[in-house]
> 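Sharing a structure below in structure tokens format, with a few things to ask.
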Amino acid sequence: MKSPLLSLPGAVPAEGVDEGVAAHYGDLFREQRALADGTGFVDLSHRGVVTVTGDDRLSWLHLLLTQHVSDLPTGQATEALILSANGHIEHALYLVDDGTSVWAHVEPGSQEALIAYLESMKFFYRVEVADRTADTAVVHLPAGSIAQAPASAVVRETPYGRDLFLPREELESFAAEAGPAAGILAHEALRVEQHRPRLGFETDHRTIPHELGWIGTAVHLQKGCYRGQETVARVQNLGKPPRRLVFLHLDGSEVHLPPNGAEIRLADDGPDGRKVGFVTTSVRHHELGPVALALIKRNVPVDARLMAEETAAAQETVVEP
């Protein structure tokens with residue numbers, strides 16, 4: 001989905017998975033500061049939108065998701081995962097129920113695979129699954145924003161701000177009233193600062209929830225069976241995850257940020273040392289400078305000095321070893 005807001009002054013298109021919205025509108029740090037101050041909005045209209053309606057929607061989703069949603073109150077936001085049979089993360093859903101439908105936004109382009117899985121699990125339950133991406137745009141208002149949500153929007157309110165499920169034809173009129181617009185890079189910089197994982201960035205084909213700190217926020221440990229629960233329970237009760245998420249303060253004298261996937265080694269081992277992890281998201285923050293999230297082996301000492309390719313990095317613990 002290509003956003004009409006790419007026609008706003010200064011808009012520079014994002015690339016990769018975030019193609020279709022603006023990376024920034026000409027001033028990355030100003031946009032970050034605006035969001036941190038609770039002003040402006042972020043166009044996330046490229047994200048997939050899925051709804052589940054029907055009398056059984058919450059009880060049915062409760063059987064499939066890692067989160068406890070059978071009694072989810074109307075208007076209360078939550079997030080949940082869908083795991084493989086081996087406990088690896090396949091989907092991340094950001095949910096709210098409006099009283100008649102559960103609304104979820106997901107990573108761009110992932111809605112088709114998610115819907116295919118959900119359809120395969122309907123059986124005799126009274127539910128209808130729909131792809132609403134074509135007619136619904138996701139917009140993010142930062143925490144502290146006093147902007148009014150249109151009456152037509154479904155609102156998902158979190159500690160980090162409000163996600164609006166907005167009729168797509170209202171996106172431009174909303175932007176004219178809610179500005180200034182901030183690009184996806186500003187949104188990502190604040191996400192990294194808040195240590196929040198993102199599917200496809202902090203995850204690979206073998207990531208389990210414990211590695212990213214998704215236990216509690218997206219995984220409920222006292223709910224019934226769901227696919228992959230055995231792995232979650234085994235790690236929780238008997239062991240530790242093989243890797244852990246860390247926050248990196250990068251050497252600010254380097255011109256280039258280490259890209260996503262950049263190999264991480266122990267600084268003391270030199271450039272030929274063994275790989276102990278990889279960068280998942282690197283950003284330039286308006287206050288902290290160059291920072292990143294990374295996934296490293298659990299047994300790497302918490303005070304170890306690291307190198308992300310050629311860039312020195314000091315780690316800050318996100319998930320305890």
Side-chain angles (χ1 to χ4, degrees), residues 44 47-138 140 153-160 162-166 196-200 203 207-210 212-233 236:
L44 299 178
R47 290 184 64 81
V49 177
V50 176
T51 58
V52 180
T53 59
D55 293 343
D56 296 336
R57 65 188 184 281
L58 292 177
S59 59
W60 177 66
L61 285 171
H62 185 78
L63 299 174
L64 305 178
L65 305 180
T66 57
Q67 186 59 271
H68 196 299
V69 297
S70 60
D71 302 312
L72 184 67
T74 300
Q76 180 174 308
T78 192
E79 55 188 83
L81 309 175
I82 290 177
L83 308 180
S84 72
N86 293 322
H88 301 139
I89 300 168
E90 292 189 343
H91 295 281
L93 296 82
Y94 300 87
L95 306 161
V96 68
D97 185 84
D98 69 359
T100 59
S101 299
V102 173
W103 292 76
H105 66 79
V106 298
E107 286 299 317
S110 69
Q111 66 270 17
E112 291 184 5
L114 171 62
I115 289 171
Y117 171 69
L118 294 177
E119 288 285 352
S120 74
M121 301 300 291
K122 284 173 62 172
F123 303 117
F124 56 86
Y125 289 93
R126 295 170 297 174
V127 295
E128 294 295 331
V129 181
D131 184 350
R132 300 295 301 275
T133 309
D135 60 41
T136 306
V138 179
H140 176 76
V154 175
V155 180
R156 179 178 178 273
E157 187 161 359
T158 77
Y160 308 105
R162 288 173 288 162
D163 296 336
L164 309 184
F165 295 89
L166 185 71
R196 293 188 290 132
R198 181 179 174 187
L199 185 77
T203 67
T207 306
I208 61 176
H210 286 82
L212 303 183
W214 251 329
I215 302 299
T217 59
V219 179
H220 196 289
L221 294 175
Q222 275 73 53
K223 63 160 288 186
C225 293
Y226 54 87
R227 189 175 69 173
Q229 185 193 20
E230 295 83 0
T231 297
V232 171
Q236 181 70 20

> Search all heavy atoms of Val219 against all heavy atoms of Pro209 and return the closest pair with its distance.
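That closest heavy-atom pairing would be CG2-CB, 3.8 Å.
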
> Can you measure from CD (Gln222) to NE2 (His220) and round to the nearest 0.5 angstrom?
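Separation between the atoms: 6.0 Å.
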
> Measure across Ala153 and Leu164 and return the closest heavy-atom pair with its distance rounded to 0.1 Å.
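In this case the closest contact between Ala153 and Leu164 is CB-CB, 4.4 Å.
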
> Side chain of Ser101, backbone of Trp103: donor and acceptor closer than 3.5 Å?
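A pair under 3.5 Å: no.
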
> Would you give the length of the straight line joining atom NE2 of His91 to atom CG of Leu114, rounded to the nearest 0.5 angstrom?
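Here the rounded value is 5.0 Å.
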
> Are the charged groups of Arg227 and Glu90 less than 4.0 angstrom apart, N to O?
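A salt bridge links Arg227 with Glu90.
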
> Would you confirm whether Thr136, through its side chain, and Phe165, through its main-chain N or O, come within 3.5 Å as a donor-acceptor pair?
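Side chain of Thr136 to backbone of Phe165: no pair is present.
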
> Where do Phe124 and Asp56 land on the side chain to side chain contact (heavy atoms under 4.5 Å, CB included) test, with the steps shown first?
CA-CA 10 Å; Phe124 56 86; Asp56 296 336; over 6 Å; no

> Considering only heavy atoms from C-beta outward, does the side chain of Val129 approach that of Tyr117 to under 4.5 Å?
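The answer is no; the side chains never approach within 4.5 Å.
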
> Quick one: does NZ or CZ of Arg156 land under 6.0 Å from the six-membered ring centre of Tyr94, within 45 degrees of the ring axis?
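So Arg156 doesn't make the cation-pi contact.
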
> Closest heavy-atom contact between Arg57 and Asp97?
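The answer is NE-OD1, 2.7 Å.
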
> Can you check whether Leu83 reaches Thr231 side chain to side chain, under 4.5 Å on heavy atoms?
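No, every pair of side-chain atoms sits at 4.5 Å or beyond.
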
> Closest approach of Leu63 and Lys223, non-hydrogen atoms and distance?
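What the structure gives for the nearest pair is N-NZ, 4.5 Å.
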
> For Asp98, is there any backbone N or O sitting under 3.5 Å from a side-chain donor or acceptor partner on Thr74?
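Answer holds: no.
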
> In Å and rounded to the nearest 0.5 Å, what is the SG to NE2 distance from Cys225 to His62?
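The distance works out to 9.5 Å.
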
> Do Leu44 and His105 make a side-chain contact, defined as non-hydrogen atoms from C-beta onward lying under 4.5 Å apart?
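Result no, sub-4.5 Å side-chain heavy-atom pair not found.
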
> Taking atom types as modelled, is there a side-chain donor on Asp131 or Thr133 under 3.5 Å from an acceptor on the other?
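Per modelled atom types, Asp131 and Thr133 side chains form a pair under 3.5 Å.
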
> Mind checking whether Thr207 and Trp214 have side chains closer than 4.5 Å, heavy atoms only?
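Not in contact.
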
> Would you say that Arg47 contacts Glu107 through its side chain, given a criterion of any heavy-atom pair below 4.5 Å between the two side chains?
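Result yes, sub-4.5 Å side-chain heavy-atom pair found.
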
> Taking atom CZ of Arg126 and atom CG of Asp55, what is their separation to the nearest 0.5 Å?
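Answer rounded to 0.5 Å: 4.5 Å.
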
> Between Thr53 and Thr100, is there a side-chain heavy-atom distance shorter than 4.5 Å?
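Not in contact.
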
> Set out, in order, the CA-CA distance, both residues' side-chain angles and the distance that settles side chain to side chain contact (heavy atoms under 4.5 Å, CB included) for Val232 and Leu221, then state yes or no.
CA-CA 8 Å; Val232 171; Leu221 294 175; 3.8 Å; yes

> Should the pair Glu128-Lys122 be classified as a salt bridge under the 4.0 Å nitrogen-to-oxygen rule?
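Judged by the 4.0 Å cut-off on N to carboxylate O distance, Glu128 and Lys122 do form a salt bridge.
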
> With Leu81 as reference, evaluate Thr66, Leu199, Leu93, Ile208 under the side chain to side chain contact (heavy atoms under 4.5 Å, CB included) test and give the passing residue.
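The single option meeting the side chain to side chain contact (heavy atoms under 4.5 Å, CB included) with Leu81 is Thr66.
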
> Report yes if some heavy atom in the side chain of Leu65 is under 4.5 Å from a heavy atom in the side chain of Leu95; otherwise report no.
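Yes, at least one pair of side-chain atoms sits under 4.5 Å.
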
> Can you tell me how far CD of Gln67 sits from CD of Glu79, rounded to the nearest 0.5 angstrom?
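If we round to the nearest 0.5 Å, Glu79:CD and Gln67:CD are 8.0 Å apart.
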
> Just how far is it from atom CG of Leu72 to atom OG of Ser59, taken to the nearest 0.5 Å?
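Here the rounded value is 12.5 Å.
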
> Residues two or more places apart in sequence or in another chain: which of them pass side-chain contact (heavy atoms from CB on, under 4.5 Å) with Asp135?
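Partners of Asp135 by the side-chain contact (heavy atoms from CB on, under 4.5 Å) criterion, ordered by chain and then number, come out as Arg132.
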
